[in-house]
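First comes the structure, then the notes that go with it.
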Amino acid sequence: MAKYDWKQLEKEYILSDYKSVSSFLKDKGIKRNGSVQQAVKGWNEKKVQKEFKKGSKTIEKVIEKESEKEAQQIADIKSIANDLALNIIKANLQLETYIVKKKKKTKTVKYDYKVGKPQEETTTENEEIETMDGIVDRQGLKMLASALKDLNDILNKSEAESKEDKINKYLSALEGVIKND
């Protein structure tokens with residue numbers, strides 16, 4: 001009877017893609033008998049434990065990657081929301097300010113009476129821009145209120161998703177990953 005390195009064979013089986021100990025032994029040319037049965041006892045359980053650990057680590061890594069992606073999205077949304085809030089503050093301070101443009105065109109015509117028609121024409125344009133205070137711009141106020149509501153909805157939406165929803169989303173993603181393996 002040949003001597004086998006059972007510890008090495010056990011490691012090889014556990015790390016392999018064999019579905020059963022029988023197919024592994026058959027492939028290695030080892031015939032099953034009482035002493036072989038005793039040597040391979042518990043290999044299937046160890047292989048199942050390895051697969052379970054592998055599945056758990058896969059789940060952890062997928063959850064970690066999804067969490068990082070979601071955290072970055074939330075950070076981006078909050079950054080954009082902060083910029084929007086600053087612009088809303090600026091716009092709010094300008095609700096009573098209006099820009100008034102004054103345009104003045106002056107046309108000068110030099111007329112030649114001998115010929116009976118204009119000899120030279122020049123046009124001068126002057127534009128003045130002023131800011132003036134007036135009544136509150138209602139349409140602008142309405143737009144600001146709408147922007148604030150949208151900003152509030154954005155911020156609350158990112159925080160409103162429950163932990164249970166997130167866990168279900170991760171489990172669905174993992175099922176897809178496991179099925180693809």
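Numbering starts at 1 and runs along the sequence shown. Because only heavy atoms are used, hydrogens play no part in the values below, and waters and symmetry mates are left out as well, while side chains stay in.
- The 12-atom threshold is exceeded at CG of Leu15, counting heavy atoms of other residues, nucleotides or ligands nearer than 6.0 Å.
- Taken to the nearest 0.5 Å, the CG atom of Asn44 stands 9.5 Å off from the CD1 atom of Ile14.
- If you take OG1 on Thr108 and CD on Glu120, they are separated by 9.0 Å, rounding to the nearest 0.5 Å.
- Leu9 and Val48 are not part of a single hydrophobic cluster, where members link through side-chain heavy atoms under 4.5 Å apart.
- Applying the ring-ring contact (aromatic ring centres under 6.0 Å, His included) rule to pairs touching residues 37-74 yields Tyr13-Trp43, sequence neighbours excluded.
- A side-chain donor-acceptor contact under 3.5 Å links Ser67 to the backbone of Ile63.
- Among residues two or more places apart in sequence or in another chain, the side chain to side chain contact (heavy atoms under 4.5 Å, CB included) test is passed with Asp17 by none.
- Taken together through direct or relayed side-chain contacts under 4.5 Å among Ile, Leu, Val, Met, Phe, Trp and Tyr, Trp6 and Val21 form part of one hydrophobic cluster.
- The side chain to side chain contact (heavy atoms under 4.5 Å, CB included) check on Glu64 picks up Glu68, with sequence neighbours excluded.
- Not counting sequence neighbours, Lys90 has no partner by the salt bridge (charged side-chain N to carboxylate O under 4.0 Å, His left out) test.
- Side-chain polar atoms of Gln72 and Asp76 form a donor-acceptor pair below 3.5 angstrom.
- With sequence neighbours excluded, the residues forming a side-chain hydrogen bond (donor to acceptor under 3.5 Å, both in side chains) with Ser20 are Ser23, listed by chain and number.
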Check residues 123-136 and write down every donor-acceptor pair under 3.5 Å in which the side-chain atom is one partner and the other belongs to a residue at least two apart or another chain.
from	atom 1	to	atom 2	distance (Å)
Glu130	OE2	Lys102	NZ	3.2

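- Between Glu70 atom CD and Ile77 atom CD1 the span is 9.5 Å, to the nearest 0.5 Å.
- Atom OG of residue Ser22 and atom CD1 of residue Ile30 lie 11.5 Å apart, to the nearest 0.5 angstrom.
- Each ring-ring contact (aromatic ring centres under 6.0 Å, His included) pair with one or both residues in residues 58-94, not counting sequence neighbours, would appear here, but there are none.
- Qualifying salt bridge (charged side-chain N to carboxylate O under 4.0 Å, His left out) partners for Lys107, counting only residues two or more places apart in sequence or in other chains: Glu121.
- A salt bridge (Lys or Arg N to Asp or Glu O under 4.0 Å) check over residues 29-53, counting only residues at least two apart or in different chains, returns the pairs Glu10-Lys46.
- Judged as a ring-ring contact (aromatic ring centres under 6.0 Å, His included), the pairs with a partner in residues 110-139 (not counting sequence neighbours) are, in order, Tyr111-Tyr113.
- Cluster membership for Tyr4 and Leu25, using ILVMFWY side-chain heavy atoms within less than 4.5 angstrom, is shared.
- Among pairs with a residue in residues 63-84, none fulfils ring-ring contact (aromatic ring centres under 6.0 Å, His included), at least two apart in sequence or across chains.
- Looking at residues two or more places apart in sequence or on another chain, you find a salt bridge (charged side-chain N to carboxylate O under 4.0 Å, His left out) between Glu12 and Lys28.
- Rounded to the nearest 0.5 angstrom, Lys114 NZ and Gln119 CD are separated by 10.0 Å.
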